[in-house]
Amino acid sequence: MALGDLMSSRFSQSSASLSNQLDECSLNNEDRDWSSTRNVETASSGYTGTVVVGFGGGAVSNAITPTSMVYLPQTIVLCELRHDSFEDSVPSGPSDSGLVSKWRPRERMKTGCVALVLCLNISVDPPDVIKISPCARMECWIDPFTMAPRKALETIGETLNQQYERWQPRARYKISLDPTVDEVKKLCTTCRKYAKTERVLFHYNGHGVPKPTTNGEIWLFNKSYTQYIPLPISDLDSWLKTPSIYVFDCSAAGLIVNAFMEQLQDWPSSSSSAPTTRDCILLAACEAQQTLPQSAEFPADVFTSCLTTPIKMALRWFCTRSLLRESLDYSLIDRIPGRQTDRKTLLGELNWIFTAVTDTIAWNVLPHELFQRLFRQDLLVASLFRNFLLAERILRSANCSPVSYPLLPPTHQHHMWDAWDMAAEICLSQLPTLVEDPSAEFQPSPFFTEQLTAFEVWLDHGSEDKKPPEQLPIVLQVLLSQCHRFRALVLLGRFLDMGPWAVDLALSVGIFPYVLKLLQTTTPELRQILVFIWTKILALDKSCQVDLVKDGGHTYFIRFLDSVEAYPEQRAMAAFVLAVIVDGHRRGQEACIEAGLVHLCLKYLQSSISNDAQTEPLFLQWLCLCLGKLWEDFLEAQIIALQADAPAILRPLLAEPQPEVRAAAVFALGSVLDVGFNTSRDTVGDEDNDDDEKFRAEVTIVNSLLGAISDGSPLVRAEVAIALSRFAFGHNKNLKSVAAAYCKSLSNSVLSSLPAFVFKSSSSGYTTPTHYVSQGSMVSSVVSPLMRVGADVQSVVRDGRVCSSSPHVTAGVLHGSPLSDDSSQHSDSGVLHDGVSNGVLSHTRPEALDNALYSQCILAMFTLAKDPSPRVSGLGHRVLLTIGIEQVVARSGKSKPGGVRAGESTSNPSPSLAGLARSSSWFDMNGGAHLPLTFRTPPVSPPQASYLRGGGLRRVCSLELRPHLMSSPDSGLADPRLASPGGLGVSERSFLPQSTIYNWSCGHFSKPLLSSSDEGVDIISRREEREKLALEQITKCQHSSTSKLHNQIASWDTKFETGAKTALLQPFAPVVIASDENERIRVWNYEEATLLNCFDNHEYPDKGISKLCLLNELDESLLLVASSDGNVRIWKDYTSKNQQKLVTAFSAIQGLRPGLRSVNAVVDWQQQSGILYASGEISSIMAWDLDKEQFMNSVPSSSDCYISALAASQVHGGQFAAGFVDGSVRLFDIRTPEMLVALSRPHVQRVERVVGIGFQPGLEPAKIVSASQAGDIQFLDMRRFGDAYLTIDAHRGSLTALAVHRHAPLISSGSANKLIKVFNLEGDQLGSIRYYPTFMAQKIGYVSCLAFHPYEVLLAAGAADACVSLYADEVPQPR
């Protein structure tokens, strides 16, 4: 049975009874809602039909006809949890301190000793008391005048001892009857000696002595009982010390409390201890001016009776006020059948209800910190304070007000007392029958059922902003009962699902030990709900892992994980719980290893791969994360993983459609890499064989990681970077050796002959090379030149000697090595120091891995350092730091005084350096900006005085190699002193970047899982409104064949220095978005003529915009910005000033030729299929599934020429058209095996590049409009493999832009002659728009871009002089 079925109220507004929920246990698989309405965070996003399934299992129809559905795509992408501020914030996983962990008491307390002091002096009344007649005489329910005074005193003392033992049977009890001061002193010191650090209870009955003095002195006797001797409270406190609790049952007891509080205030001046260290609690029968009630209705020790026999006292008091007072014999109260500890009996039920009522009152009235201290820290203290609430209620009716320290607010009129009265009356009404007939069946009170119903009503209407549910302590009590337990757990699960605040409340009320105890049960019905509850608890408080392992609770979840009858979503929760148990907890890791968790997880991962059916992604994700946490930094588990061939099992998961699964698999693979492992350590014997096996496993893992370097999700690439950092740390010396030997081969003459190498002085006083990795490079495309480097490096160290015959490469990237400063003194020798002796490179063992693999890893690190995602780029930098490479990536800067822009070269590379560019494909040879780090780095050692003064160039390529051992002070970071004993004392490993996928994934379970949020309803409602509006506007557009667009409704000076390169109109807001060649993006409201936002797409020096697209335009639209280098960045909240957030970023074009700065990328987005098409100066078109953030397919372009224009059909998913630089046009459909559908060469008169291409409006799949730079516009039907059926000679040799309306039969073209023309699909020119000089006589540049509004007849035109104008048939009405 799915958990969604357990939570029946999730799907129904009406509350379900317990019987209904139990009936649901028999529901079959078809009835479950949990898996069919899977939360979008764990599955591929988007809804792909006309029906949107809600969380409640119902359907919300969008009322879209089949025809209109084609125009209104239902796919939604990039709206998952991972896209919410991934770049801005580091997610936090379960906490072991902070908000939620405050529920845990600082330390458990126990009352170890109880001192009972009775000053009754029976038959002698104190002088300050005038008794009435009849008078209260009962002490401990004994009439002292029915026996001899001494006998009565002893009996009362023994009875009081027994009454206290019911609440704390394991304490030591000491009784002192009518004592002297010395006897009390001896009693107190003895109790403290026995109790040690535990709490001591001091109970004082002063009914036979005068009232306390105003100074807080209590009265005792002299030895002959002829005098009353005062005892100051300060003396008593000095004997008992702390922790302690005092009970004062005497008149004017408030005087003692007042004196004690004054003493606490004076404590700092009289003692070195602070008052906060005094753990003292006081309970007093009445205030300072009050006298205890003498009415015969009450016992003489009414306060003590309330504290020690609350049920008897409460019932006797209640009977005098109940309707039963005429019919009930009060003596029956002493004969209530059952035991207080047996909840199935009348006495047990009454005690249970009383505990629930008093707990509820206290929890709702007291501050939670005080509640924890008084009601959860010490069992005896908790019992006394529960009973104290009763004493307040009863004594208040007799005009007495009990006093406590800490002070409690009044509770005697709390409405929960009414519920107690009703439950007591129901139970008492059965009492005569039960006493007369012991075999009569006891009918339980409906109290708990009614309270659970009240809690359920609150769940239906409550929230974090409303008053918390007062029944929460009752839910805790109900967990003790088998008959109510299932329903209580279901309701508790619903409550915990409401958020962290709910979990905090539940834990603060004391739920933890109860649900921990329930893990020992074997009841199958409780398993799923218990797993869910523990999921919610551990999603917020990691510290519970210790308790679970200590009690063996981990085995409960391992068994559940292995139960195939449970649904995968529920088993994913069990995997999550186990992941938290082993997260950073060695004892948890060892316990789970012993229980066989590694093999269990691998078994289900392997079966999911071999099984054709799609396995629940959330389950796969958490299996991987659980394994990763299980063997993270745990060598024993890593060995077990390698023996079980875990890398081979995990590798296929890197192709899973869900980025979270892929990232989790990368995390698991990376965690197998032992950070402490070092390839240059001395090993002998069998350890060599073990290391060889580990080397082979690491080769497999690293190859898998390198394959994921071009993943479309930054979440995955970030994990790759983190995994490579672990590898780099473990193989630090080998990676440094490859890089150093590669760098050392460069001679001074080569360095000085490179005019493009510009070095600038950095803020740290270093000279810094200005080179960076070319953007968008894919590992596989440039492995070969680097493999050659690796081969040459092998030749460098062959025969143990260093030679200088490796290919040329820029050395500047190696600047900042922790070893470069020392070695720079000897750089002229060209010999590697420390690691090399007399020209011989010292290895303690054969090379661990192929140097070609190390070269590929270094290349991958550079690729990551140039990643379009800032977070991934920062991680890439940190990986490079691990192997000593400090600065790689150039950032944009201000224009230089010399007129050279940031990002431009100061001189072009010499033609003779072409071979250098080819052999060093990591580097861009035209960099010219300063290279600041994009992340926080350790301080760099001050440079040694070794520079090449003549050229102003520092020898940054002379690396000194040292043996990299875990005990070595060389950390492999920017400053070797950081890890030295005399340095900062920070562990080397603390500089390694930490994984984020685990914390991100934990966030899924922190959110509500059982109920839909109000946001979902709002989103559906807003979409329906937009669909309705879009359909109305589409209908209008389809009848707009005569639009001339002659009215300029707005003009906007974008202030772009290089002019507007691209423009885009938002569909449902009067907003136009424009960008220039430098990728500066501006957002403008054309109705209000206000600038909404302005931001840079990125900070790298290589600039160039390709296209702007809108994603999810019918929902919360996202802005896709494609750069000419092939990088794609997608933004949200881009219309709000300075609120834009990067959703995702990736390189859409892979396989760049070495040395290319830009590929002149062309892209287009297809909402219908969720595919992004990208191409450029490469031989294929790359299709990316943005829903999966995964490379989908590479479509061969079938041409030797490059693609210059690209258009995706917005009607037929999978279909797109490409225009080439030779004037040819091709139609592709990725749904077909051959992909290429048709080829045409319409631009035959003058063979020029295709400037613009687009699908004609309507549902016909193959009708295309193509425009070439020569000025001709061709209308093609690609199904007819021939010439164009219509040609328009629009602009002679100067066409610069083309736009085709998505729904209206209109196309528009722009020229370099500042002219825009509008045509219909029959080729008729409807109008022309000529740019004129502005009123400032400023000439306007050529038309650089055109864009139609998707649903209106509205045209945006951008010019090279930064002006963007909007044209329409008529001036629209303001929205």
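Keep in mind that what you see is a predicted model, and the values were worked out from it rather than measured.
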Do R662 side-chain atoms and P657 backbone N/O form a donor-acceptor pair below 3.5 Å? yes
Working to the nearest 0.5 angstrom, can you tell me the gap between H585 NE2 and L548 CG? 10.0 Å
Side chain proximity check, L618 to H1004, heavy atoms < 4.5 angstrom: yes
Please report the shortest heavy-atom distance between F1146 and G712, naming the atom on each side. CB-O, 3.5 Å
Can you spot which of Y998, F532, W622 makes a ring pair (Phe, Tyr, Trp, His ring centres under 6.0 Å) with F1005? W622
In this structure, CG of L625 is separated from CG of N999 (nearest 0.5 Å) by 10.0 Å
Using only atom types and a distance under 3.5 Å, with no angle test, would you say the side chain of D562 pairs donor to acceptor with the backbone of I558? no
Looking at E616, is its backbone amide N or carbonyl O close enough to the side chain of Q621 to form a donor-acceptor pair, meaning the two atoms are under 3.5 Å apart? no
Within this structure, what is the CD-OG1 distance for the pair Q570 and T535, rounded to the nearest 0.5 Å? 10.0 Å
Atom pair CZ (F512) and CG (D547), whose distance is rounded to the nearest 0.5 Å: 3.5 Å
Contact check, side chains of V738 and S855, non-hydrogen atoms, under 4.5 Å: yes
Value for NZ (K536) from CZ (F576), rounded to nearest 0.5 Å, stands at 9.0 Å
Can you tell if the side chain of L859 reaches within under 4.5 Å of the side chain of L706, non-hydrogen atoms only? no
Between the main-chain N or O of A668 and the side-chain N or O of W631, is there a donor-acceptor pair closer than 3.5 Å? yes
Backbone of P870 reached by a side-chain donor or acceptor of S873 within 3.5 Å: no
Does Q658 reach the main-chain N or O of E660 with its side chain, forming a donor-acceptor pair under 3.5 Å? no
Would you mind reporting whether L561 and C601 have side-chain heavy atoms less than 4.5 Å apart? yes
Let me see the working for V702 and L853 under side-chain contact (heavy atoms from CB on, under 4.5 Å), right down to the final yes or no. CA-CA 8 Å; V702 172; L853 183 63; 3.9 Å; yes
Backbone N/O of V531 and side chain of Y556: donor-acceptor pair under 3.5 Å: no
Smallest heavy-atom separation, R871 atom then T996 atom, equals NH1-CG2, 4.5 Å
Can you list, pair by pair, the side-chain donor-acceptor contacts under 3.5 Å of residues 586-595, counting residues two or more places apart and other chains?
unit_1: R586; atom_1: NE; unit_2: Q589; atom_2: OE1; d: 2.9
unit_1: R586; atom_1: NH2; unit_2: D633; atom_2: O; d: 2.7
unit_1: Q589; atom_1: NE2; unit_2: K629; atom_2: O; d: 3.0
unit_1: Q589; atom_1: NE2; unit_2: L630; atom_2: O; d: 3.2
unit_1: Q589; atom_1: NE2; unit_2: E632; atom_2: O; d: 3.2

For L673 and F729, run side-chain contact (heavy atoms from CB on, under 4.5 Å): C-alpha distance rounded to whole Å, both residues' side-chain angles, the deciding distance at 0.1 Å, then the answer. CA-CA 10 Å; L673 299 172; F729 194 94; over 6 Å; no
Would you mind reporting whether L724 and T882 have side-chain heavy atoms less than 4.5 Å apart? no
Is R82 paired with E1189 through a side-chain N to carboxylate O contact shorter than 4.0 Å? yes
Looking only at heavy atoms, which two atoms of V503 and I537 are closest? And how far apart? CG1-CA, 4.1 Å
Going by side chain to side chain contact (heavy atoms under 4.5 Å, CB included), L654 matches just one of V716, V720, L669, V661. Which one? L669
At what distance, to the nearest 0.5 angstrom, does CG of L705 lie from CZ of F727? 9.0 Å
Nearest heavy-atom approach of I997 to A664 is CG1-N, 4.0 Å
For G553, is there any backbone N or O sitting under 3.5 Å from a side-chain donor or acceptor partner on D551? no
Test side-chain contact (heavy atoms from CB on, under 4.5 Å) on L1009 and E569 and set out the steps. CA-CA 11 Å; L1009 302 176; E569 297 89 342; over 6 Å; no
So does F667 get a backbone contact from the side chain of E719, meaning a donor-acceptor N/O pair under 3.5 Å? no
Between H731 and C857, does a side-chain contact (heavy atoms from CB on, under 4.5 Å) hold up when you go through it step by step? CA-CA 11 Å; H731 293 256; C857 288; over 6 Å; no
Taking every non-hydrogen atom, the tightest pair across P647 and A641: CD-O, 4.2 Å
Where I722 and P993 come nearest, the two heavy atoms and their spacing: CG2-O, 3.5 Å
Can any side-chain N or O of H83 pair as donor or acceptor with the backbone N or O of E80 at less than 3.5 Å? yes
